[in-house]
Amino acid sequence: MKRDALIRELRKIARGRGVVFEVFTDKGKGSHYRVTFGDRMTTIQSGELNPFHVRRIKEQLGVE
C-alpha cells in the first residue's frame, strides 16, 4: 500500500468516527509525514508500505 492510499483510508475512518485527522508534511524528517488521529500521533514514511507497517501505524493511531 502506498502512503497516499493509507492517508486516504485513515481520513475516511476519521470522518466516520468524527475524529480530527491532520497530516503535517513539514514536521517529519525528509520525506516522512507526521499524522495525528485524534490525540494520537505517528510518522509515516514515503513509498510502498508493507502490510506489517500499515498494521503497526494503525495500532499506533488506535484504529485497529
Side-chain angles (χ1 to χ4, degrees):
M1 172 180 279
K2 295 264 186 192
R3 176 179 59 192
D4 293 335
L6 176 60
I7 289 174
R8 279 193 303 272
E9 182 180 334
L10 291 172
R11 187 171 281 129
K12 183 178 178 180
I13 293 169
R15 254 188 265 127
R17 293 185 184 182
V19 176
V20 175
F21 179 75
E22 295 179 291
V23 178
F24 301 98
T25 59
D26 59 340
K27 299 286 186 187
K29 289 192 165 205
S31 61
H32 291 63
Y33 286 179
R34 189 67 100 141
V35 298
T36 59
F37 190 92
D39 60 346
R40 295 182 177 218
M41 183 184 317
T42 192
T43 303
I44 302 177
Q45 68 189 29
S46 65
E48 191 69 31
L49 303 172
N50 64 37
F52 172 76
H53 281 112
V54 172
R55 187 170 57 249
R56 188 78 169 130
I57 290 166
K58 287 181 178 181
E59 286 174 1
Q60 290 172 348
L61 294 174
V63 175
E64 286 188 346

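Along the sequence shown, residues carry numbers from 1. All values reported here derive from a predicted model rather than from experimental measurement. The analysis underlying the following values was restricted to heavy atoms, covering all of them including side chains, and did not include hydrogens, waters or symmetry mates.
- For Arg17, the side chain to side chain contact (heavy atoms under 4.5 Å, CB included) partners two or more places apart in sequence, or in a different chain, are Ile13, Val19, Phe37, Val63.
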List, one per line, each side-chain donor-acceptor pair under 3.5 Å for residues 45-52, sequence neighbours excluded.
residue : atom : partner : partner atom : Å
Ser46   : OG   : Ser31   : OG           : 2.9
Glu48   : OE2  : Met1    : N            : 2.6
Asn50   : OD1  : Phe52   : N            : 3.1
Asn50   : OD1  : His53   : N            : 2.9
Asn50   : OD1  : His53   : ND1          : 3.1
Asn50   : ND2  : His53   : ND1          : 3.3

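- Applying the salt bridge (Lys or Arg N to Asp or Glu O under 4.0 Å) criterion to Glu9, with sequence neighbours excluded, gives Lys58.
- Annotation: side chain of Arg34 is not in contact with side chain of Thr25 (no heavy-atom distance under 4.5 Å).
- For the atom pair OG1 of Thr43 and OH of Tyr33, the computed distance is 13.0 Å after rounding to the nearest 0.5 Å.
- Applying the salt bridge (Lys or Arg N to Asp or Glu O under 4.0 Å) criterion to Arg56, with sequence neighbours excluded, gives Glu59.
- Every residue meeting the side-chain hydrogen bond (donor to acceptor under 3.5 Å, both in side chains) condition with Gln60, not counting sequence neighbours, appears here in chain and number order: Thr42.
- The line from CG of Leu6 to CG of Leu10 is 4.5 Å long, rounded to the nearest 0.5 Å.
- To the nearest 0.5 Å, the span separating CZ on Arg8 from NZ on Lys2 amounts to 11.0 Å.
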